[in-house]
Peer 1: 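The structure follows.
What's counted below: heavy atoms across the whole structure, side chains too, no hydrogens, waters or symmetry copies. None of these values were measured; they are calculated from a predicted model. Sequence positions, counted from 1, serve as the residue numbers for this chain.
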Amino acid sequence: MKRKTARLVSLLLAGAMLVSLSACGSTDGGSVTEKETDAETAQDTDFAAAGEKIINVGVTSSLGGVNPFVIDQTEINKYAVDLMFLPIVELDKDSNFQYMLADSITTEDYVNFIVHIDEDAVWSDGEPVTAYDLEYTVLRMASPIVNNTTLMLYAFEGTSDEGFVEEGATEMEGLTVLDDKTLQFTAKYPMSLTTFNNTYGRYLRALPKHVIEQFSEEELLTADWFNRPDVINGPFLLTDYDADHYISYVANENYFKGAPKIDKLNIKIVDGSQVYAGLQSGEIDITQLTMTAIPETDYESIEQLENVTAVYGEPVTNQSAFIQTANIPDARVRQALVYAIDRQQLVDQLLAGHGEVIDGFVSSASPYYDDSVEPLGYDPEKAKALLEEAGWDGSQTLRFYVWSGDSTFVNGAQILVAQWAAVGINVEITTLDLANLMSVAGGADYDILAVQYTYAPVDPYPDVAWLLSGEGSWTGYADEEINAALEDTQSTTDIEQLKADYAIVDRKVQEEVPMFSVYVISQMGAVNNRVTGAEPTVYGFFNDVQNWDVAETE
């Protein structure tokens, strides 16, 4: 799988990384007043009706779209579609895989993956969901006309290096229907079941073949049916949406896992500064930990609300700093950058203690976390000694690029620069919007680049393998010992062995410092006390949404 890793993760960055980045603030270009007015208008029309049970989810990420063939895999896009069309599997709140459309996914050789669709799965029109639906959806997703590369289907036999099949293809070597409910995926190279589930299973959905086969491949990109699909297999039917303000759903009474207990579900898109007021007034019932960026300055106020319960998620969002090692080739200088900063002080002051300090990629939220990998401590004298040993004369100014949309870390970066200056390292900060920061990241014309990055606790392999893949990656760094450890993660399911493999990676990263973690964030979530069966979580938030309820109707 190694030869494909760079391509795989560069595309994951368009989805998985932007999941955490987009969750940090609204990308809406309009004013707050405009947003509030539009949201209130929606509230007055579709959002409320007497006697109905309604739950409003507050998020700060703007929607990219609801057409499964067009969207990238940022979280709000993913979940907006998943409420209508289930993924075959999803992570639950404890980072275990929970079957959604499938009831089993197995492999014996780490090449052939057998997906069995739940025998009870039916479309909302009563037709059974079959392996042919899933096969047809994957074939259309692999169409060069559709040209959606975010699923990275090049990992499977029968696809090109870009992940495409021939236009109008009716079959693919890597897809085999074994019976009405069973589809086999065949990969080009071995991958672990965990990687299949996390990288593909969480994003593979079946759409109703008997409905969408009426559309040409070109029409799949524009057909209005996808804006309000009337045949779904998920818990909620989409009724209306405004990409910058709201997404509205009504219950699918024919949902095969059970009719939802609430009548309507609304996702309200707001600015982070509006979350506290929405929770206080009851206009927001619940938030999600990675789609809702609550400003740290509001944490204490939300904790004191009598109508709300505040919770903190596990530390999964990593404020990572990537060093372009070709520009800072001496590992002693890179080590000095870490010894010079007081990371625990940043957690205590910037995050009010809601986070942790680690070295490497694996946080305490992961089953592979090894607490024997103790992070480098704050030791400015050690930093000075390393710099002297490396012959650092202080004349060089390092270029430090930071995302302007993360106000917390923009402030934190100023503290880092001051602490680096105290040991003789001059650093100049440049703040950029996300698009321009990613453009810089695509080259090597920087010394340090900081972004929030979520390494999936259950499967950090794809991201880590790319980030440490040598020239062309964000670090420019590669190491054979790390490569061997990462490859081993793809051929074992033993937790202790996986823990040992990732510990090798983290210790080597600690020694060579191609990147460092400034801190890992434990995000705040909140839920109104009238809501039952729901809780703010990092993963699995909507898995059992059919069980959400309210203590009283309005």
Peer 1: When you compare the side chain of Thr199 with that of Met152, does any pair of heavy atoms fall below 4.5 Å?
Peer 2: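 The answer is yes; the side chains approach within 4.5 Å.
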Peer 1: Do Tyr477 and Val513 have side-chain heavy atoms sitting under 4.5 Å apart?
Peer 2: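 No. Closest side-chain heavy atoms not under 4.5 Å.
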Peer 1: Quick check for you: to the nearest 0.5 Å, what is the distance between Gln414 atom CD and Ile429 atom CD1?
Peer 2: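 Rounded to the nearest 0.5 Å, the CD-CD1 separation comes out at 4.0 Å.
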Peer 1: Ignoring hydrogens and geometry beyond distance, is a side-chain donor-acceptor pair present between Ser517 and Asn318 at under 3.5 Å?
Peer 2: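 There is such a pair (donor and acceptor under 3.5 Å, judged by atom type) between the side chains of Ser517 and Asn318.
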Peer 1: Quick one: list whatever passes side-chain contact (heavy atoms from CB on, under 4.5 Å) with Gln280, sequence neighbours left out.
Peer 2: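 For Gln280 the side-chain contact (heavy atoms from CB on, under 4.5 Å) partners, ignoring immediate neighbours, are Tyr276, Leu305.
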Peer 1: Could you tell me which residues satisfy salt bridge (charged side-chain N to carboxylate O under 4.0 Å, His left out) with Glu300, sequence neighbours excluded, listed by chain and number?
Peer 2: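 Salt bridge (charged side-chain N to carboxylate O under 4.0 Å, His left out) check on Glu300 returns nothing, list empty.
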Peer 1: Is it true that Lys384 and Glu381 have a side-chain N and a carboxylate O under 4.0 angstrom from each other?
Peer 2: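 Looking at Glu381 together with Lys384, the answer is yes, because their closest N to O distance falls below 4.0 Å.
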Peer 1: When you look at Arg399 and Asp445, which way does the salt bridge (Lys or Arg N to Asp or Glu O under 4.0 Å) test go after all the steps?
Peer 2: CA-CA 9 Å; Arg399 299 161 298 168; Asp445 194 22; 2.5 Å; yes
Peer 1: Strictly by modelled atom types, are Thr150 and Asn148 linked by a side-chain donor-acceptor pair under 3.5 Å?
Peer 2: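 Short answer, yes.
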Peer 1: Under 3.5 Å, is there a donor on one side chain and an acceptor on the other for Asn547 and Asp544?
Peer 2: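 Judged by distance alone, the side chains do not pair up.
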Peer 1: Report yes or no: do Asn483 and Glu487 form a side-chain donor-acceptor pair below 3.5 Å?
Peer 2: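 No - no donor-acceptor pair under 3.5 Å links their side chains.
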Peer 1: Ion pair present between Lys508 and Asp479, side-chain N to carboxylate O less than 4.0 angstrom?
Peer 2: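 Yes, charged N to carboxylate O under 4.0 Å.
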Peer 1: Determine, for Asp359 against Arg507, whether the closest basic-nitrogen to carboxylate-oxygen distance falls under 4.0 angstrom.
Peer 2: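 Arg507 and Asp359: not salt-bridged.
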Peer 1: Is there a side-chain contact between Leu193 and Thr493 in this structure, where contact means two heavy atoms from C-beta onward sitting under 4.5 Å apart?
Peer 2: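 No, too far: nothing below the 4.5 Å cut-off.
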Peer 1: For the pair Asp370 and Ser372, evaluate side chain to side chain donor-acceptor pair (under 3.5 Å) and give the outcome as yes or no after the intermediate values.
Peer 2: CA-CA 5 Å; Asp370 187 337; Ser372 70; 2.6 Å; yes
Peer 1: Do we see a donor-acceptor contact under 3.5 Å between the side chains of Asp92 and Asn543?
Peer 2: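 There is no such pair (donor and acceptor under 3.5 Å, judged by atom type) between the side chains of Asp92 and Asn543.
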Peer 1: Please check: side-chain N/O of Trp420 versus main-chain N/O of Leu337, any donor-acceptor pairing under 3.5 Å?
Peer 2: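 Looks like yes, one N/O pair under 3.5 Å.
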Peer 1: Taking Thr325 for the side chain and Thr475 for the main chain, is one N or O donor matched with an acceptor at less than 3.5 Å?
Peer 2: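 Such a contact is found between Thr325 side chain and Thr475 backbone.
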Peer 1: What I'd like to find out is whether the side chain of Tyr378 reaches to under 4.5 Å of the side chain of Gln345, using heavy atoms alone.
Peer 2: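 No, every pair of side-chain atoms sits at 4.5 Å or beyond.
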Peer 1: Taking side chain as C-beta onward, heavy atoms only, is Val545 less than 4.5 Å from Leu83?
Peer 2: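 They are in contact (side-chain heavy atoms under 4.5 Å apart), so the answer is yes.
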Peer 1: Please report the shortest heavy-atom distance between Ile55 and Asp285, naming the atom on each side.
Peer 2: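 Nearest heavy atoms, Ile55 then Asp285: CA-OD2, 3.4 Å.
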Peer 1: Please lay out, stage by stage, how Glu296 and Thr408 fare under the test side chain to side chain donor-acceptor pair (under 3.5 Å).
Peer 2: CA-CA 8 Å; Glu296 284 82 0; Thr408 298; 3.0 Å; yes
Peer 1: With a 4.5 Å heavy-atom cut-off, do Val440 and Leu432 have their side chains touching?
Peer 2: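 Sidechains of Leu432 and Val440: in contact.
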Peer 1: Is there a donor in the side chain of Asp72 and an acceptor in the side chain of Thr74, or the other way round, less than 3.5 Å apart?
Peer 2: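 Per modelled atom types, Asp72 and Thr74 side chains form a pair under 3.5 Å.
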Peer 1: Cut-off 3.5 Å, side chains only: do Ser364 and Glu356 have a donor facing an acceptor?
Peer 2: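 Yes, a side-chain donor-acceptor pair sits under 3.5 Å.
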Peer 1: Atom CG in Asp82, atom CZ in Phe541: separation rounded to 0.5 Å?
Peer 2: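 It is 13.0 Å, given to the nearest 0.5 Å.
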Peer 1: Sub-3.5 Å donor-acceptor pair from the side chain of Ser473 to the main-chain atoms of Gly476, do we have one?
Peer 2: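 Between the backbone of Gly476 and the side chain of Ser473 there is a qualifying donor-acceptor contact (under 3.5 Å).
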Peer 1: Tell me whether Glu535 is salt-bridged to Lys93, with the criterion being a basic N under 4.0 Å from an acidic carboxylate O.
Peer 2: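 Counted as a salt bridge, because a side-chain N and a carboxylate O are separated by less than 4.0 Å.
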Peer 1: Run Gln523 and Ile294 through side-chain contact (heavy atoms from CB on, under 4.5 Å) and show every step you take.
Peer 2: CA-CA 8 Å; Gln523 300 279 17; Ile294 300 174; over 6 Å; no
Peer 1: Could you measure the distance from the CG atom of Asp506 to the CG atom of Asp501? Nearest 0.5 Å is fine.
Peer 2: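 Those atoms lie 11.5 Å apart.
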Peer 1: For Thr430 and Val402, run side-chain contact (heavy atoms from CB on, under 4.5 Å): C-alpha distance rounded to whole Å, both residues' side-chain angles, the deciding distance at 0.1 Å, then the answer.
Peer 2: CA-CA 6 Å; Thr430 299; Val402 175; over 6 Å; no
Peer 1: For the residue pair Asn426 and Leu398, establish whether any side-chain heavy-atom pair is separated by less than 4.5 Å.
Peer 2: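 A side-chain contact under 4.5 Å is absent here.
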Peer 1: Is a donor from one side chain sitting under 3.5 angstrom from an acceptor on the other, for Asn529 and Thr309?
Peer 2: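 The answer is yes; a qualifying pair exists.
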Peer 1: Between Asp488 and Gln497, does the side chain to side chain donor-acceptor pair (under 3.5 Å) criterion hold? Intermediate values first, please.
Peer 2: CA-CA 9 Å; Asp488 191 56; Gln497 183 58 53; 3.2 Å; yes
Peer 1: Kindly indicate, with the supporting measurements, whether the criterion side chain to side chain donor-acceptor pair (under 3.5 Å) is fulfilled by Tyr455 and Ser366.
Peer 2: CA-CA 9 Å; Tyr455 310 101; Ser366 173; over 6 Å; no
Peer 1: Consider only side-chain N and O atoms of Thr431 and Tyr401, and report whether a donor and an acceptor are under 3.5 Å apart.
Peer 2: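 No, because no side-chain N or O of Thr431 sits under 3.5 Å from a partner of the opposite role on Tyr401.
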Peer 1: Given 3.5 Å as the limit, does a donor-acceptor pair link the side chain of Ser363 with the main chain of Pro315, or not?
Peer 2: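 Judged by distance alone, yes, a pair lies under 3.5 Å.
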Peer 1: Under 3.5 Å, is there a donor on one side chain and an acceptor on the other for Tyr312 and Glu303?
Peer 2: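 A pair is found: one side chain offers a donor N or O, the other an acceptor, under 3.5 Å apart.
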Peer 1: List for me each residue that meets side chain to side chain donor-acceptor pair (under 3.5 Å) alongside Arg202, sequence neighbours excluded, and say none if there are none.
Peer 2: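 Per chain and number, Arg202 pairs via side chain to side chain donor-acceptor pair (under 3.5 Å) with Glu90, Asn198.
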Peer 1: Examine the side chains of Asp463 and Tyr453 and answer whether a donor and an acceptor come within less than 3.5 Å of each other.
Peer 2: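 Result is yes, a qualifying pair exists.
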Peer 1: What distance do Gln419 atom CD and Leu346 atom CG have between them, rounded to the nearest 0.5 Å?
Peer 2: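 Reported value, rounded in 0.5 Å steps: 6.0 Å.
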Peer 1: For the pair Glu314 (side chain) and Ser522 (backbone), establish whether a donor and an acceptor sit closer than 3.5 Å, ignoring hydrogens and angles.
Peer 2: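 Here the side-chain-to-backbone pair does not exist.
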Peer 1: State the CD-CZ distance between Gln319 and Arg343, to the nearest 0.5 angstrom.
Peer 2: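 Output value for this atom pair is 12.5 Å.
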Peer 1: Centres of the Tyr446 and Trp474 rings: under 6.0 Å?
Peer 2: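 Distance test on ring centres: not under 6.0 Å, no.
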Peer 1: Hydrogens and angles aside, do Ser61 and Glu75 bring a side-chain donor and acceptor to less than 3.5 Å of each other?
Peer 2: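 No, Glu75 and Ser61 have no side-chain donor paired with an acceptor closer than 3.5 Å.
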Peer 1: Report the distance from atom OG1 of Thr287 to atom CG of Leu279, rounding to the nearest 0.5 Å.
Peer 2: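 Here the rounded value is 6.0 Å.
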Peer 1: Answer yes or no: is there a side-chain heavy-atom contact under 4.5 Å between Val347 and Val357?
Peer 2: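 They are in contact (side-chain heavy atoms under 4.5 Å apart), so the answer is yes.
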Peer 1: Can you tell me if Glu374 has over 12 outside heavy atoms packed within less than 6.0 Å of its CD?
Peer 2: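 12 or below, so no.
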Peer 1: Under a 3.5 Å threshold, yes or no: a donor from one side chain and an acceptor from the other, between Thr195 and Ser192?
Peer 2: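 Result is yes, a qualifying pair exists.
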